[in-house]
Protein chains: 2
Amino acid sequence: MIYSIGALARATGVKVPTIRYYEAEGLIDPPIRTEGNQRRYQERDRERLAFIRHGRDLGLSMEAIRDLLELSAHPEAPCARVDRIAAEQLVEVRARIERLKRLEGELARIASSCDGHHPIADCNVMKALSDHRHCDGDH
Amino acid sequence: MIYSIGALARATGVKVPTIRYYEAEGLIDPPIRTEGNQRRYQERDRERLAFIRHGRDLGLSMEAIRDLLELSAHPEAPCARVDRIAAEQLVEVRARIERLKRLEGELARIASSCDGHHPIADCNVMKALSDHRHCDGDH
DNA sequence: CTTGAACCTCTAGTCGCTAGAGGAATTACA
DNA sequence: TGTAATTCCTCTAGCGACTAGAGGTTCAAG
């Protein structure tokens with residue numbers, strides 16, 4: 001199976017300019033070209049791009065993905081670093097969730113105190129934003 | 001109370017270059033200057049900056065904050081738009097939490113399947129990243 | 001063979017800051 | 001009052017991870 005850049009984009013869900021960007025950043029190899037200078041990709045390019053996409057969706061940085069791709073080139077090495085990258089990401093995701101939950105609580109409190117009908121001068125949303133003392137969070 | 005830019009930074013938790021950036025972006029007014037061209041802020045500048053900071057901490061975009069500041073200049077208008085901005089933000093925050101929770105689940109599954117001791121070729125983390133079929137999420 | 005979609009490169013813009021250079025003003029202390 | 005440390009000034013450039021657009025070329029279908 002041979003893909004044009006657009007076909008590859010459809011097959012992986014990565015947009016065309018993003019594919020070119022990944023190539024420029026060295027995450028994927030420059031593919032072969034047609035006589036007319038257009039990119040043509042193969043199955044293994046599609047697999048690599050799917051790997052990248054999945055990692056990005058999981059919140060991995062391009063840096064982390066670059067590391068993983070580098071590691072995958074040495075399949076005989078122990079996978080301790082692979083494990084660590086995943087674990088670090090998990091810690092970060094959990095922290096983000098915690099933080100967002102605190103924000104959710106405060107936003108819910110703020111938003112529910114407003115019926116949208118009184119003048120701005122009396123609006124509790126505005127008051128809440130002006131005055132941080134009501135918050136329990138540490139933001 | 002008069003603040004130098006550094007004192008204002010300490011008082012609000014907004015970093016010095018960020019204050020200058022907000023000024024350049026028109027979120028805060030250019031303050032008065034000393035003879036030697038240094039910025040000097042007053043209480044109301046501090047309040048406005050605290051408002052901005054609080055909004056940013058709640059995840060509001062600079063755009064949304066700009067809108068709110070604009071609205072606050074018309075304290076007699078009804079606060080329906082204020083309410084809508086807060087409600088929209090709440091919806092977004094909840095969506096972000098949902099999404100992150102799905103990622104957390106997948107990352108936990110991936111990370112727990114790896115003890116860090118086997119070769120990369122056999123690593124489940126790498127396999128999971130290469131192959132999206134095991135995921136239940138829609139990412 | 002023509003037409004229209006998809007492709008090419010290149011530059012610049014997005015958001016919300018952050019870092020650094022190179023120099024001037026202010027403040028604290030002797 | 002002198003001087004040294006700190007803070008301040010402007011300006012430009014960089015970050016991550018793309019996205020948009022201009023202006024031109026190639027490909028594939030009919």
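All figures in this text were calculated on a predicted structure; none of them were measured in a lab. Just so it is clear: chains get the letters A, B, ... in the order the sequence lines come, proteins before strands, and each one is counted from 1. Basis for what follows: all heavy atoms, side chains included, without hydrogens, waters or symmetry-related copies.
Between the Asp45(A) side chain and the Gln42(A) main chain, a donor and an acceptor come within less than 3.5 Å of each other. Side-chain atoms of His54(A) do not come within 3.5 Å of backbone N or O of Leu49(A) as any donor-acceptor pair. Glu76(A) contributes no side-chain N or O that, together with a main-chain N or O of Pro119(B), makes up a donor-acceptor pair within less than 3.5 Å. Arg48(B) places no side-chain N or O within 3.5 Å of a backbone atom of Ile52(B) that could act as its donor or acceptor partner. Within the 3.5 Å criterion, the main-chain N or O of Ala24(A) finds no donor-acceptor partner in the side chain of Arg20(A).
Once rounded to the nearest 0.5 Å, the distance linking CG of Leu69(A) with CE of Met62(A) reads 10.5 Å. The CG atom of Leu58(A) sits 12.5 Å away from the CD1 atom of Ile85(A) when rounded to the nearest 0.5 Å. Note that OH of Tyr41(A) and CD1 of Ile2(A) are 12.0 Å apart. Values are rounded to the nearest 0.5 Å. Within the model, atoms CZ of Arg102(A) and CD1 of Ile97(A) stand 13.0 Å from one another, a figure rounded to the nearest 0.5 Å.
Atom OH of Tyr21(B) and atom P of dT10(D) are 17 Å apart (whole Å). When rounded to the nearest whole Å, the span between CE of Met62(A) and P of dC18(D) equals 7 Å. Here the P atom of nucleotide dG14(D) and the CD atom of Glu25(A) are 14 Å apart, to the nearest Å. Here the C1' atom of nucleotide dC18(D) and the CG atom of Leu60(A) are 17 Å apart, to the nearest Å. Remark: P of dC18(D) and CD1 of Ile19(A) are 12 Å apart, rounded to the nearest angstrom.
Contact check on Arg66(A) versus Glu70(A) returns no salt bridge, with no Lys/Arg side-chain nitrogen under 4.0 Å from an Asp/Glu carboxylate oxygen. Ion pairing between Arg94(A) and Glu98(A) fails under the 4.0 Å rule for side-chain N and carboxylate O.
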Dump the pairs, protein N or O against N or O of nucleotides 1-6 of chain D, anything under 3.5 Å, distances to one decimal.
none

Report all interatomic pairs (protein N or O, nucleotide N or O of nucleotides 26-30 of chain D) with separations under 3.5 Å.
unit_1	atom_1	unit_2	atom_2	d
dC27(D)	OP1	Thr34(A)	OG1	2.9
dC27(D)	OP1	Gly36(A)	N	3.1

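An OP1 or OP2 oxygen of dT19(D) is reached within less than 4.0 angstrom by no side-chain nitrogen or oxygen of Arg20(A).
Ile65(B) and Gly55(B) get closest at one heavy-atom pair: CD1-C, 3.9 Å. Among all heavy-atom pairs drawn from Arg46(A) and Ala11(A), the shortest one is CD-CB, 4.1 Å. Scanning both residues, Cys79(A) and Cys123(B), for their nearest heavy atoms gives SG-SG, 3.6 Å.
Recorded end-axis angle for the helix from dC1(C)-dG30(D) to dA30(C)-dT1(D) stands at 10°, based on five pairs per end and rounded to 10 degrees.
From the 5' end on, the contacts that DNA chain C makes with chain B at under 4.0 Å to a non-hydrogen atom open and close at dG16(C) to dT26(C).
In the model, Tyr3(A) has a side-chain atom that pairs as donor or acceptor with a side-chain atom of Glu43(A) under 3.5 Å.
Applying a 4.0 Å cut-off to non-hydrogen atoms, the residues of residues 3-16 of chain B that approach DNA chain C are Lys15(B), listed by residue number.
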Return a table of donor-acceptor pairs under 3.5 angstrom between the side chains of residues 26-39 of chain A and protein atoms on other chains or two or more places apart.
unit_1	atom_1	unit_2	atom_2	d
Arg33(A)	NH1	Asn37(A)	O	2.9
Thr34(A)	OG1	Gly36(A)	N	3.3
Thr34(A)	OG1	Asn37(A)	N	3.4
Thr34(A)	OG1	Gln38(A)	N	3.0
Arg39(A)	NE	Glu23(A)	OE1	2.8

